[in-house]
2 protein chains.
Amino acid sequence: MTGQVVTAELLAVVVAMVDGHPCVLTLGTPPRLPAGPLLPSHRSLQAATRAWVEEQTGRRLGYLEQLYTFADLDRESVGRRISISYLGLTTSGESGIGGWAGWYDLFAWEDHRGHAAPTDPLIGRLRAWANSDADCRDERAQRVAIDFGLDGRAWQPELTLQRYELLYEAGLVAEAPDEWRRPDAELAPGGRMLGDHRRALATGIARLRAKIGYRPVVFELMPPTFTLRQLQDCVEALSGHAVHTQNFRRLVEQQALVEETGSLLETGGRPARLYRFRRQVLAERHVAGTKLPTVRAH
Amino acid sequence: MTGQVVTAELLAVVVAMVDGHPCVLTLGTPPRLPAGPLLPSHRSLQAATRAWVEEQTGRRLGYLEQLYTFADLDRESVGRRISISYLGLTTSGESGIGGWAGWYDLFAWEDHRGHAAPTDPLIGRLRAWANSDADCRDERAQRVAIDFGLDGRAWQPELTLQRYELLYEAGLVAEAPDEWRRPDAELAPGGRMLGDHRRALATGIARLRAKIGYRPVVFELMPPTFTLRQLQDCVEALSGHAVHTQNFRRLVEQQALVEETGSLLETGGRPARLYRFRRQVLAERHVAGTKLPTVRAH
DNA sequence: GTCGCTTTTGCTCACAACTAGCATAAGGCT
DNA sequence: AGCCTTATGCTAGTTGTGAGCAAAAGCGAC
């Protein structure tokens, strides 16, 4: 009872902010995530992921956490392939191989900052899809309404994966199976990726959006010093919607997440104070919880 | 670049309430979790887990979610073994093979209901461990204080895994490496399990405790009809500490999680109304969030 | 130099949620 | 009838959060 021969692959969703845009580290065209097999030399799954990312892109990872494991049939060999995906955070600073693909170039419907929801045409197609099957119409309509914040419901940023899966089932993304696929013109706006890498990315986005609400992980994406406005912009970019500025500041300061550096940064208006992350809170609260509001503004 | 030969194993943490005690499904002595290799016949990781649990214990699983994946060296073969752990919920009703091991027989320090904290002697040993290394004394002391809710901090039920790992590092659990181990007399109270199964269980407990706070999963563990007191007892047993009765009821009713059946149950005092779970909320809120308070009482 | 624009920052109010306690209802038992 | 137990209703006090007003502090245009 030794089981099937399988190969294990590590898949890395590496996120950084590039010019204010949340991006994922990709290689080649169509874009694919850094990935590589588990080798005997690797000490652990996490170490293997770090090694592959470094080898393929020349970048060191800071924060790294496991996302999800899935198995699919391996086309190249007889066996099966197990993919273990990780979420990594880094700063875009050091140059390396590979490029940064913007989240919202891949998932245009996930950006709900300002400018009225770009999802309007999508919603129509989703509703049509829901109505196309009399048996599960109600259930589908409800999923659409919840996932996309319809009928007075709130838009929930961390439902990225559910929205992607809904679009997949509705045949509105390019990688959907042929029998479900809609004509290109109708597809949801967003570039595709190799294999199911876009799904892995959706999982990573969802996890990160959820996590910034209760763990101080945003700071992994920030430069050493920053203004509160820059921090807020980062949170808004990640969560995909605006937050109330004054409340944001209150929460950050209340929890003593940052400390002043003493210097100022000229920003076009009143100069802003520069802050740095209080590294100590990682020890204090690695575990204890941290709140950043993900509440809308104006 | 085909990678190392690995075997993939599924590991199931199956939880049910037995006579009011939260329990995990185990086999043999020392107790071990149901587990089995991934086979070609399995359609997915989740299906494989269901199949193994059913084959080994004769029980069907309802709710099932992935927990964590880890890799270790496989002693039996040349390669490596990847373990993918799942958390399953069921009702203890149907009989089958294997037994139910009480959470708090395995992790006595995790039960904080009533009776003053049973952790007192443990704390002393942890503090001694923290002080034993001058270099990292502060960091260790802080971890102990946070994980065990010392110095005015609140006890956080969902830190089960962190507490286990702290005890492991301190050599206070039987399965710790020999060089860390303390004399038997000083071990933390709680039976051991095969290999690292106790760690997997700790992961499952932590996940479940966190999840009952924002998803209606408790009901997977309840019989078809129940009183609010029984529901509360279940939540208290899982989270390991008491909750304020009136607030609990308010939250449950406010969110319309349950509906009355019309009948009553005699309980020794004033008869209690019987309720059933409103299955519809799974569709409504599979995603939308549900709150059960995990706040202390009296 | 003053006015208007921008961005930062401080403060306050209203409301919702939650903690915690009091009080009452409704049964059994002695 | 009186006491115990459990169930259930209600409310006061506190805290947390959403949202707005306003002042401070720089820049550039006129």
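First the proteins, then the strands, lettered A, B, ... as listed; each starts at 1. Note: hydrogens, waters and symmetry copies are ignored here, and every other heavy atom, side chains too, is used.
Closest to the A:Gln246 side chain, of the nucleotides C:dA20, D:dA7, D:dA22, is D:dA22.
Taking only side-chain nitrogens and oxygens, B:Arg229 never comes nearer than 4.0 Å to OP1 or OP2 of D:dT6. Considering only side-chain N and O atoms, B:Arg250 lies nowhere under 4.0 angstrom from the phosphate OP1 or OP2 of C:dC18. Between D:dC27 and A:Arg270, no contact under 4.0 Å exists linking OP1 or OP2 to a side-chain N or O.
Regarding A:Leu231, its CG atom lies at a distance of 15 Å from the C1' atom of C:dT8, rounded to whole Å. Taking atom CG on B:Asn247 and atom P on C:dA16, their separation rounds to 18 Å, with Å as the unit. Atom CZ of B:Arg249 is separated from atom P of C:dA20 by 18 Å (rounded to the nearest Å). Rounded to whole Å, atom P of D:dT5 lies 16 Å from atom CG of B:Asp233. Between A:Gln232 atom CD and C:dT9 atom C1' there is a gap of 12 Å when expressed in whole angstrom units. Computed from coordinates, the B:His244 NE2 to D:dT8 P distance equals 15 Å when rounded to whole Å. We find that CG of B:Leu251 is positioned 15 Å from C1' of D:dT8, with the value rounded to whole Å. Remark: P of D:dT17 and CZ of A:Phe248 are 14 Å apart, rounded to the nearest angstrom.
Counting only heavy atoms from C-beta outward, the side chains of A:Val281 and A:Phe219 never approach each other to under 4.5 Å. Between B:Leu67 and B:Tyr86, the closest side-chain pair of non-hydrogen atoms is not below 4.5 Å. When side chains are defined from C-beta on, B:Tyr275 counts as touching B:Glu253, because their heavy atoms get closer than 4.5 Å.
Counting only distance, with no hydrogens or angles, the side chain of A:Asp111 and the backbone of A:Arg113 share a donor-acceptor pair below 3.5 Å.
Checking B:Leu228 against A:Pro271, the closest nucleotide of DNA chain D that is more toward the 5' end is the one next to B:Leu228. Mapping B:Leu264 and A:Gln254 onto DNA chain D via the closest heavy atom, the residue that lands nearer the 5' end is B:Leu264.
Between the side chains of A:Glu110 and A:His112, no donor-acceptor pair is found at a separation under 3.5 Å.
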